[in-house]
Amino acid sequence: QIDRREFRRMLEKLDIRLSSRDVSKLMYKFDADGDGMISYREFVDFIDKPTSSRSSGGKLREGDKVEARYRGKSRFYPGRIRRDNRDGTFDIDYDDGEKERGVHAALIKSTEPTPAQAQAQRRAAAEAEAAAEAEAAAEAEARAQAQAAEREAEAAKAAAAAAAAA
């Protein structure tokens, strides 16, 4: 295992000069378990990942509703993605007014419905609307029948009164 300082020295020996922030970002990408060390297994796992899965993989987008672990803590807080940094990190505007830059995708979960969930929600809404329309039509039909029965009763009363008067 190597820590951040050893990681930076290794990069410098390879003549890769990065700012402290960039070293931290890169270290964060390799350090899957978040213990501050890069193990051989973490290194190999990172190298073996397909390139597209290193970033958001298209799952997270600017404007998406998400929940993110503010400052890497254990609790998730609701917010929106303000910016996709195109390096697997995102800037988040939290619902409570806080803002955070460079949040790693592993600390974010989308609250946006998947396409299948969105389709199911649309279908359920359409079915509910159809059921409400059918119920309203049945109520209107019942009212019409009640009014017709009322008119028939009034006509029968009038006929009975006319027969009694004759």
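- Y94 and E100 form a side-chain donor-acceptor contact under 3.5 Å, judged by distance and modelled atom types alone.
- Here the straight-line distance linking atom CE of M37 with atom CD of E42 works out to 9.5 Å at 0.5 Å rounding.
- The nearest pair of heavy atoms linking N85 to R83 is OD1-NH1, 3.2 Å.
- Using a 4.5 Å cut-off on side-chain heavy atoms (C-beta onward), K25 and S19 make no contact.
- In this structure, R80 CZ and I92 CD1 are separated by 11.0 Å, a value rounded to the nearest 0.5 Å.
- Interatomic distance, Q145 CD to E141 CD, rounded to the nearest 0.5 Å: 4.5 Å.
- Atom CZ of R101 sits in a sparse spot, with 12 or fewer heavy atoms from other residues, nucleotides or ligands closer than 6.0 Å.
- For CZ of R17, the number of neighbouring non-hydrogen atoms (other residues, nucleotides, ligands) closer than 6.0 Å is greater than 12.
- Residues Y70 and I81 fall within the same hydrophobic cluster, defined by Ile, Leu, Val, Met, Phe, Trp and Tyr side chains chained together at heavy-atom separations under 4.5 Å.
- Taking all atoms of both residues into account, the shortest heavy-atom contact from V103 to A68 is CG1-CB, 4.5 Å.
- Between L60 and D84, the shortest heavy-atom contact is O-OD2, 4.4 Å.
- Between the side chain of E6 and the backbone N or O of D3, at least one donor-acceptor pair lies under 3.5 Å.
- In this structure, CG on D91 lies 9.0 Å from CD on E62, to the nearest 0.5 angstrom.
- R8 has its side chain out of reach of R5: every pair of non-hydrogen atoms, C-beta onward, lies at least 4.5 Å apart.
- The ring-ring contact (aromatic ring centres under 6.0 Å, His included) pairs that include a residue from residues 18-39 are F7-F30, Y28-H104, F30-F43, F30-F46, where partners are two or more places apart or lie in different chains.
- With rounding to the nearest 0.5 Å, the separation of CG in L26 from CZ in R4 is 10.5 Å.
- Between the CG atom of D31 and the CD1 atom of I2 there is a distance of 10.0 Å, given to the nearest 0.5 Å.
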